[in-house]
Number of protein chains: 2
Amino acid sequence: MQQVASPAFKSCSDCPIRHRAVCAKCDSDELELLEDIKYYRSFSAGQTVMWAGDHMDFVASVVSGVATLTQTMEDGRTQMVGLLLPSDFVGRPGRGEAAYTVTATSDLVMCCFRRKPFEQMIGTTPHIAHRLLEMTLDELDAAREWMLVLGRKTAREKIASLLSIIARRDALLGLAPPGKELQFELPLTREAMADYLGLTLETVSRQMSALKRDGVIILAGKRVVTVPDMDRLMTEAGDDSDGGYLV
Amino acid sequence: MQQVASPAFKSCSDCPIRHRAVCAKCDSDELELLEDIKYYRSFSAGQTVMWAGDHMDFVASVVSGVATLTQTMEDGRTQMVGLLLPSDFVGRPGRGEAAYTVTATSDLVMCCFRRKPFEQMIGTTPHIAHRLLEMTLDELDAAREWMLVLGRKTAREKIASLLSIIARRDALLGLAPPGKELQFELPLTREAMADYLGLTLETVSRQMSALKRDGVIILAGKRVVTVPDMDRLMTEAGDDSDGGYLV
DNA sequence: CGTAATTTTGATTGTAGTCAATCCCCGTGG
DNA sequence: CCACGGGGATTGACTACAATCAAAATTACG
């Protein structure tokens, strides 16, 4: 299944998520303690990292790639409840069971910390505890934003919302070219988009086609999206273009 | 508007939310420090505690009563994103602006902490920081559970889910009589239920009637609900009755 | 190139939304 | 004491949006 992997960098100080992850505030002494309890694991696109209910003896940071958290009902209905990007944190200190199924949607590298020693470090290392609180509060804000999308937006607005979230994030990370025109790659299949938005994949496909027909987006292949006018997309999402005190 | 109120108890040690709120883990020295930065405020049912975007110079615990967190789009569509019960925490350390509108749905008493000194205490008092992290993680779990409800459940399942959440909570707090039969009072109007569940109030009303007609619930007046068979209600909610590792 | 997986498009159905009327419970005032 | 009024809740008729069922088309891949 998964492999224990050596990533392309040597130590925490070279880590690409060094200043965004749960370890962001740690000094070099603290990083050394973390080095002792950490190991890397890699997953290829499509692999399940863990199933809801599995025993879990680690928590982890996403180093590279994209993963999803999903919840599934007995009859198969599935809802994505989290989208994990590089630097995001997986797992809950104090809980030995996975609450959600975690799936790699692209090739994925995770930096795993053995759970027990990590929990102890939370008690002894305020830098970690504080950063974890900050990240959890951000997650909670994102979940609440998402609740508005799920509960009150139309299918078209839902798609536009998802696209604008991804577009903004990529722009923020400097992954997008400059200029007014934004371009990015969707890290999700149509089905994953449907699970994110509480729609069927047919509806996702129809609304993507409609947004394309109306010139809100331009598609190159299935996955590469160009947004000629970001304000237009935000309007389609039902967000005021000036909103977004939180990026 | 709101009044500075004296609650029915004298000090933190007599406080009804003493062992569940953000101060749950504090020792008496720490409580004394909190006493210095806290004050009580009361609101009557229906009052708005604060509007999204308002300046906020405090964070708070709900002492008694029920409040809601809501998000509203420009055209008026409203989604509840949090239901605040006694011991729940309001506000985000480090943020001076309210992200959501807070409304009292019953008479409400809040224990407010001046924001700046409270933020400093988070840094110096691990008992508070740790409890706040724990509570935030619980909130995040609740939000994710809720996302499944919003995204994937039918109107009938949504209503049954909400009722079972309230029923379980009341049973847990010992508010309900013993026996197999559960009875509780809805702390929400039909409109608030609709905002919680991403429905219209007409649909809420119809599904309440349907559940009553089918014998899943018994209504005494509009607000008092009796559940003759909790497992039946859970099944209607689409949850397996054995689920719920987290109450 | 051929097969499977993913996506798009089409036709039809069904659930919840909308618009509208009525009801019910209370409190108020004539 | 009863009429009145208002907010909340229920019920009804109709509509619309997204789901479902089904087929075709495009892409990825061995």
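Here is the naming used below: chain letters follow the sequence lines, and residue numbers restart at 1 for every chain.
Rounded to whole Å, atom P of C:dT7 lies 19 Å from atom CZ of A:R213. Rounding to whole angstrom units, CG of residue A:L199 and C1' of D:dA19 are separated by 10 Å. Following rounding to the nearest Å, B:M193 (CE) and D:dG8 (P) show an atom-to-atom distance of 15 Å. Note: CG (B:L211) to C1' (D:dT10) measures 15 Å, nearest angstrom. What separates CE of A:M208 from C1' of C:dT7 is a distance of 11 Å, to the nearest Å. Remark: P of C:dT15 and NZ of B:K158 are 14 Å apart, rounded to the nearest angstrom. Note: CG (A:D195) to P (C:dT7) measures 12 Å, nearest angstrom. Rounded to whole angstrom, the span from the NZ atom of A:K153 across to the C1' atom of C:dA16 amounts to 20 Å.
Formation of a donor-acceptor pair under 3.5 Å by the B:R190 side chain with backbone atoms of B:T203 is not found in this model. With A:R20 contributing its side chain and A:D88 its backbone, the two residues share no donor-acceptor pair below 3.5 Å.
With 3.5 Å as the limit, one finds no donor-acceptor pair spanning the side chains of A:S161 and A:S164.
The side chain of A:R190 approaches C:dT8 more closely than any other nucleotide in the set C:dT8, C:dG17, D:dA19. When the nucleotides D:dT10, D:dA22, C:dT7 are ranked by their closest atom to the side chain of A:E202, D:dA22 comes out on top. In this structure, the nucleotide among C:dA16, D:dA19, D:dA9 sitting nearest to the side chain of B:Q207 is C:dA16. Among the nucleotides C:dG17, D:dT27, C:dT18, the one closest to any side-chain atom of A:K222 is D:dT27. When distances are taken from the side chain of A:A155 to each of C:dG17, D:dT20, D:dA18, the shortest belongs to D:dA18. Here D:dT11 is the nucleotide among D:dA19, D:dT11, C:dT7 with the atom lying nearest to any side-chain atom of B:S209.
Applying the side chain to side chain contact (heavy atoms under 4.5 Å, CB included) test between B:Q79 and each of B:L197, B:L150, B:L69 identifies B:L150 as the sole match.
B:T189 comes within contact range of the sugar-phosphate backbone alone, with a heavy-atom separation under 4.0 Å but no base atom that close. Counting non-hydrogen atoms under 4.0 angstrom, B:G198 reaches the backbone sugars and phosphates but no base. When heavy atoms are screened at a 4.0 angstrom cut-off, B:R223 is found touching the sugar-phosphate backbone but no base atom.
OP1 or OP2 of C:dA16 has not a single side-chain nitrogen or oxygen of B:T200 nearer than 4.0 Å. Not one side-chain nitrogen or oxygen of B:S205 sits closer than 4.0 Å to the OP1 or OP2 atom of D:dT11.
Comparing B:L201 and A:T154 by the nucleotide of DNA chain D that holds the closest heavy atom to each, the one mapping nearer the 5' end is B:L201. Comparing A:T203 and B:R156, the nucleotide of DNA chain C nearest to each residue sits closer to the 5' end for A:T203.
Comment: B:E185 does not engage B:K222 in a salt bridge, judged by the lack of any side-chain N to carboxylate O separation of less than 4.0 angstrom.
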Query - B:E97 vs B:R92, salt bridge (Lys or Arg N to Asp or Glu O under 4.0 Å): CA-CA, chis, key distance, verdict - result: CA-CA 9 Å; B:E97 264 191 24; B:R92 175 167 174 163; over 6 Å; no
